[in-house]
Amino acid sequence: MTRSLLPSKNREAARHARALVHRAARRQSRVEMAQLARNPETFEDRAGLDADTTGEIRLVVSRRRGGDKLSPFIRWARATTRSLPQHSRMGHLRNLVPRGVIGDHALFHLSHEKDFEHPDVLAWLEARQRAWRASKRPPLLDPGEQAELLRALLRAPGGHRAFNQWLQVGHVTHYRTERRRRRCTCEPGCTVLEDVSIPVGPTRARSLLGEHDVLPFLAALWGPRDNGHGLWPTPRGPFAEQTETVDTFLRAFKEHHGDVAATAKALQLEWRMNWRRNSLAGAGRE
């Protein structure tokens, strides 16, 4: 099974790409040396003399490995280790494959499959991905600044309506599936099992009722200030999922200097409303 991965389906293209990389490196070196021979004082400016093709060769190797015939080997590995716990699957396969380059090459391909990764490694990778996504996302506006922007938005013409429309468009209801019994009409006492979708969390967005509702609205997003410092560190309210939706609108409102029309245009509010309306109409017909 390990030998079935090779030869690669991309081997001819890989040889051609490797030759191109080395040929380009040699050409650059010859040009740099010729220019250096004409003007030795420019030695410090010749970056091509230290050129390294390691990055290009790694890319060629990665593309060649992408052409290996993996599907039969992965199916065999899954069938062989299906009854084993996930943390011991790679160790079991390591004892089955031959030692050497061929076995290491086969195990390298399996190391990228979730079915053969150690659960602790998977948890660590997922935590790193969450941390990376959080670092790329800008921090939320301070609740105090959000309150000021909401009051300014309510005083702007059409701001209250546009903001509530944005909240309804951005709201997503989450469901979980449960298996429940229901009565069947075929005969008395007969029941059948069916999957039922149960909403998790609010089914409608929390709208802003007016200027008197600014602080209760923010409290519904951020939760009570119970950390002893009078601050909201992270959204913990019953409508915490709306926090990013609110933050997106208020950031756009701030960037457009309080212009509601420009904010709605930048967020494509009208297009989103039409799309949501058409989606609901299509779901109703089904």
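In this text the structure is predicted, and so the values were computed from the model without any measurement.
- Taken from OG1 in Thr243 to CG in Leu221, the straight-line distance is 4.0 Å, to the nearest 0.5 Å.
- Legend: residues meeting salt bridge (Lys or Arg N to Asp or Glu O under 4.0 Å) with Glu145, ordered by chain and number and at least two apart, are Lys254.
- Both Leu96 and Phe116 belong to a common hydrophobic cluster when Ile, Leu, Val, Met, Phe, Trp and Tyr are linked at side-chain heavy-atom distances under 4.5 angstrom.
- The closest side-chain heavy-atom distance from Thr263 to Leu153 is not below 4.5 Å.
- The shortest distance between side-chain heavy atoms of Pro216 and Arg206 falls below 4.5 Å.
- In this structure a side-chain-to-backbone donor-acceptor pair under 3.5 Å is present from His160 to Leu208.
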field: Full working for side chain to side chain contact (heavy atoms under 4.5 Å, CB included) between Phe253 and Leu267
entry: CA-CA 10 Å; Phe253 181 71; Leu267 296 176; over 6 Å; no
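- Between the side chains of Gln168 and Ser207, at least one donor N or O sits under 3.5 Å from an acceptor N or O.
- Surrounding CD of Gln86 are more than 12 heavy atoms belonging to other residues, nucleotides or ligands, all under 6.0 Å away.
- Minimum interatomic distance between Phe239 and Ala205 (heavy atoms only, all atoms of both residues): CE2-C, 4.4 Å.
- At a threshold of 4.5 Å between non-hydrogen side-chain atoms, the residues Pro235 and Leu140 count as touching.
- Val21 forms part of a hydrophobic cluster together with Ile57, Val60, Val61, judged by ILVMFWY side-chain heavy-atom separations under 4.5 Å.
- Around atom NE2 of His212, more than 12 heavy atoms belonging to other residues, nucleotides or ligands sit under 6.0 Å away.
- Considering all non-hydrogen atoms of both residues, Ala162 and Phe249 come closest at O-CE1, 4.0 Å.
- Aromatic ring pairs are classed by plane angle as parallel below 30°, tilted from 30° to 60° and perpendicular above 60°; the pair Phe163 and Phe217 is perpendicular.
- One finds the CD atom of Gln28 at 15.0 Å from the CZ atom of Arg23 (value rounded to the nearest 0.5 Å).
- Within 6.0 Å of CZ on Arg78 lie more than 12 heavy atoms contributed by other residues, nucleotides or ligands.
- Within a 6.0 Å radius of NE2 in His16, no more than 12 heavy atoms belonging to other residues, nucleotides or ligands are found.
- At a threshold of 4.5 Å between non-hydrogen side-chain atoms, the residues Arg155 and Glu211 count as touching.
- Within the structure, salt bridge (Lys or Arg N to Asp or Glu O under 4.0 Å) contacts touching residues 85-100 (residues at least two apart or in different chains) do not occur.
- Checking side-chain atoms of His256 against main-chain N and O of Ala252 turns up a donor-acceptor pair under 3.5 Å.
- In this structure, Ala156 and Gly258 approach most closely via the heavy-atom pair CB-O, 4.3 Å.
- Between Trp166 and Met273 there is no side-chain heavy-atom pair separated by less than 4.5 Å.
- Thr81 is not listed as a side-chain neighbour of Met90, based on a closest heavy-atom distance of 4.5 Å or more.
- Gly159 and Val260 make their closest contact through CA-CG2, 3.8 Å (heavy atoms, listed as atom of the first residue, atom of the second, distance).
- For Val214 against Leu154, the heavy-atom pair with the smallest separation is CG2-CD1, 3.9 Å.
- If you take CG on Asn274 and CZ on Arg272, they are separated by 12.5 Å, rounding to the nearest 0.5 Å.
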